[in-house]
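Residue indices begin at 1 and follow the sequence shown.
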Amino acid sequence: MTGGSDPRIAGLDVYRVGGAVRDRLLGWPVYDNDWVVVGTTPDEMLKRGFKPVGRDFPVFLHPESAEEYALARTERKAGHGYAGFKVIASPDVSLEDDLLRRDLTVNAIAEAPDGTLIDPFDGQQDIEQRQLRHVSPAFREDPLRVLRTARFLARYRTLGFAIAPETMALMGEVSRSGELAYLAAERVWLETEKALAEARPASYFTTLDQCGALTTWWPELTRGSLGDCLNAMSLGVNDDALAGAEWRYALLVSPLDDAARESLARRLRLPNAVAQLARHAALSRHLVGGTLDAAAVSHWLERLDAWRKPSQVYTQLTLVAALAPEHVDALNAAWQAAQQVSPQSLMAEGFQGAELGAALKERRHMAIDKTLN
């Protein structure tokens with residue numbers, strides 16, 4: 001097979017691989033192409049103007065399309081975790097060797113330039129049968145594949161996909177091995193964030209629970225809390241205003257107590273914005289679940305740092321509109337009334353220092369109370 005009319009790849013043995021082939025066969029939109037090049041060397045790619053980007057294995061960017069071209073490679077386990085592999089890339093590595101190292105059969109289909117599909121592990125059959133199945137027992141060597149498989153289920157569950165029983169058994173084996181603990185927290189969060197953005201994010205967590213993976217990175221969700229947390233997250237699946245991954249995470253952990261939520265944020269090394277939104281969502285959930293009086297609303301506004309960051313109040317009003325729409329107008333009116341209390345007017349009355357802060361807090365509380373009553 002040759003690379004077709006593109007002079008950069010003319011004469012090379014090039015195949016489209018992975019997600020682009022899978023999604024085309026599923027009838028899903030294809031946004032990115034990944035390519036594998038068989039039988040060549042890094043020097044040859046550089047001579048053709050490709051830009052090297054692979055730190056651990058030879059991957060190159062096409063100088064015009066910026067699409068990724070990876071040299072065919074195999075991997076051998078040489079340590080723990082996602083990065084614990086020795087990569088072997090040479091002109092002797094065949095296309096089938098490269099496909100064999102992939103995680104799932106649906107991701108191990110290659111397409112030649114003339115459209116011919118190379119499918120040594122029956123990925124097309126698994127697509128037709130709606131199965132997510134591992135390519136080989138080497139699946140167990142990479143703990144990240146447990147998370148990736150759960151994420152693919154979150155994406156394709158709406159199409160009727162399920163994880164093959166033998167693959168679920170391997171996922172359980174990996175979970176019990178302790179290998180998941182060697183993953184980088186940032187990588188775990190990245191996979192989780194992607195799963196949260198999929199059509200069925202609950203499938204990600206239920207799958208990890210079923211194979212025993214939840215206890216390693218999300219133990220707070222395994223203490224009888226998972227059902228409540230997934231129920232809370234469903235609001236982010238059904239309401240477009242809360243459909244982003246950050247919102248779904250915030251809703252997921254909103255039923256947890258503060259200690260559990262913060263422990264989870266530290267373990268996953270969450271971005272500050274994500275952890276903060278989770279705190280605020282829990283605060284708003286607690287507010288609308290209780291008595292809406294001046295003390296509760298004042299506390300809510302103070303915890304939101306409303307006076308310095310008013311945008312955080314409006315963000316939470318979006319959540320309130322979904323949780324308890326009957327409270328939105330009252331809360332917005334109370335917030336507007338509290339904003340009308342002017343520090344300058346209190347200073348004109350002679351308040352200074354600590355007395356000014358206390359007076360400001362009291363007047364705002366009075367304004368809120370008057371609005372609510």
Side-chain angles (χ1 to χ4, degrees), residues 1 3-6 8-9 12 14-38 45 49-73 82 95 98-99 101-119 121 123-124 126-128 130-132 135 144-145 147-161 186-201 203-204 236-237 240 242-249 271 274:
M1 308 288 177
S5 60
D6 184 343
R8 299 281 186 178
I9 58 176
L12 294 178
V14 178
Y15 302 85
R16 192 194 321 265
V17 293
V21 180
R22 177 197 66 228
D23 286 345
R24 184 180 68 77
L25 293 173
L26 282 169
W28 277 47
V30 175
Y31 300 106
D32 300 299
N33 289 305
D34 290 315
W35 306 87
V36 66
V37 187
V38 179
M45 299 298 286
F50 284 79
K51 301 175 183 178
V53 293
R55 183 180 63 181
D56 301 317
F57 46 82
V59 179
F60 301 85
L61 294 183
H62 191 288
E64 296 170 8
S65 70
E67 292 183 333
E68 289 191 357
Y69 286 72
L71 300 192
R73 65 187 188 271
Y82 168 66
L95 176 63
D98 185 272
L99 296 176
R101 69 173 177 79
R102 297 175 184 269
D103 52 2
L104 302 172
T105 62
V106 299
N107 297 329
I109 308 170
E111 182 182 4
D114 64 0
T116 301
L117 295 178
I118 299 88
D119 182 16
F121 307 107
Q124 293 174 88
D126 282 337
I127 286 176
E128 293 170 1
R130 298 303 196 243
Q131 290 282 298
L132 297 174
V135 172
L144 187 66
R145 290 176 171 178
L147 307 189
R148 278 174 52 84
T149 302
R151 173 167 66 83
F152 281 126
L153 185 64
R155 177 182 298 177
Y156 297 121
R157 191 72 186 90
T158 56
L159 298 181
F161 270 83
E186 294 82 0
R187 198 68 179 86
V188 173
W189 169 244
L190 179 61
E191 288 298 320
T192 303
E193 184 180 31
K194 290 178 180 178
L196 285 164
E198 300 292 2
R200 295 284 180 86
S203 293
Y204 177 76
V237 177
D240 289 344
L242 307 173
E246 292 183 0
W247 265 122
R248 288 179 175 181
Y249 176 81
V274 177

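Checked by atom type and distance alone, the side chain of Asp119 pairs as donor or acceptor with a backbone atom of Gln124 at under 3.5 Å. Put simply, the side chain of Arg248 gets close to the backbone of Glu198: a donor and an acceptor are under 3.5 Å apart. Without hydrogens or angle criteria, Arg157 side chain to Ala199 main chain gives no donor-acceptor distance under 3.5 Å.
With a 4.5 Å cut-off on side-chain heavy atoms, Arg73 and Asp98 count as touching. A 4.5 Å side-chain heavy-atom check between Met45 and Pro58 finds every atom pair outside the cut-off. Counting heavy atoms from C-beta outward, Leu71 and Phe60 have side chains that approach closer than 4.5 Å. Tyr156 places a side-chain heavy atom less than 4.5 Å from the side chain of Asp23. With a 4.5 Å cut-off on side-chain heavy atoms, Tyr204 and Leu147 count as touching.
Within the model, atoms CZ of Phe161 and CD of Gln131 stand 8.5 Å from one another, a figure rounded to the nearest 0.5 Å. Taken to the nearest 0.5 Å, the OG atom of Ser65 stands 7.5 Å off from the CG atom of Asp6. The CG atom of Leu25 sits 9.0 Å away from atom CD of Glu128, with the distance rounded to the nearest 0.5 Å. Taken from CZ in Arg16 to CD1 in Ile109, the straight-line distance is 13.0 Å, to the nearest 0.5 Å. A distance of 13.5 Å separates CZ in Arg22 from CD in Glu111, rounded to the nearest 0.5 Å. The CZ atom of Arg155 sits 10.5 Å away from the CG atom of Leu159 when rounded to the nearest 0.5 Å.
In this view, Tyr69 and Trp35, Phe50, His62 satisfy the ring pair (Phe, Tyr, Trp, His ring centres under 6.0 Å) rule, not counting sequence neighbours. Contacts of Asp103 classified as side chain to side chain donor-acceptor pair (under 3.5 Å), with partners at least two apart in sequence or in another chain: Asn107, Arg148.
A salt bridge links Arg187 with Glu191: the distance from a Lys NZ or Arg NE/NH1/NH2 to an Asp or Glu carboxylate oxygen falls below 4.0 Å.
Here the shortest heavy-atom pairing between Leu132 and Leu153 reads CD1-N, 3.7 Å. Contact record, Ala195 with Ala154: O-CB, 4.2 Å, taken as the closest heavy-atom pair. Of all the heavy atoms in Arg8 and Leu12, the pair that sits closest is O-CD1, 4.1 Å. Shown here for Ala72 and Val38, the closest heavy-atom pair between the two residues is CB-CG2, 4.1 Å.
For the side-chain contact (heavy atoms from CB on, under 4.5 Å) test with Tyr15, the passing option among Leu99, Thr116, Val37, Leu95 is Leu95; the others fail.
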Next on the checklist: For Val274 and Trp189: C-alpha separation, side-chain torsions, deciding distance, then whether side chain to side chain contact (heavy atoms under 4.5 Å, CB included) applies.
Outcome noted: CA-CA 11 Å; Val274 177; Trp189 169 244; 4.0 Å; yes
Item to check | From CA spacing to verdict: side chain to side chain contact (heavy atoms under 4.5 Å, CB included), Leu61, Glu67 | outcome: CA-CA 5 Å; Leu61 294 183; Glu67 292 183 333; over 6 Å; no
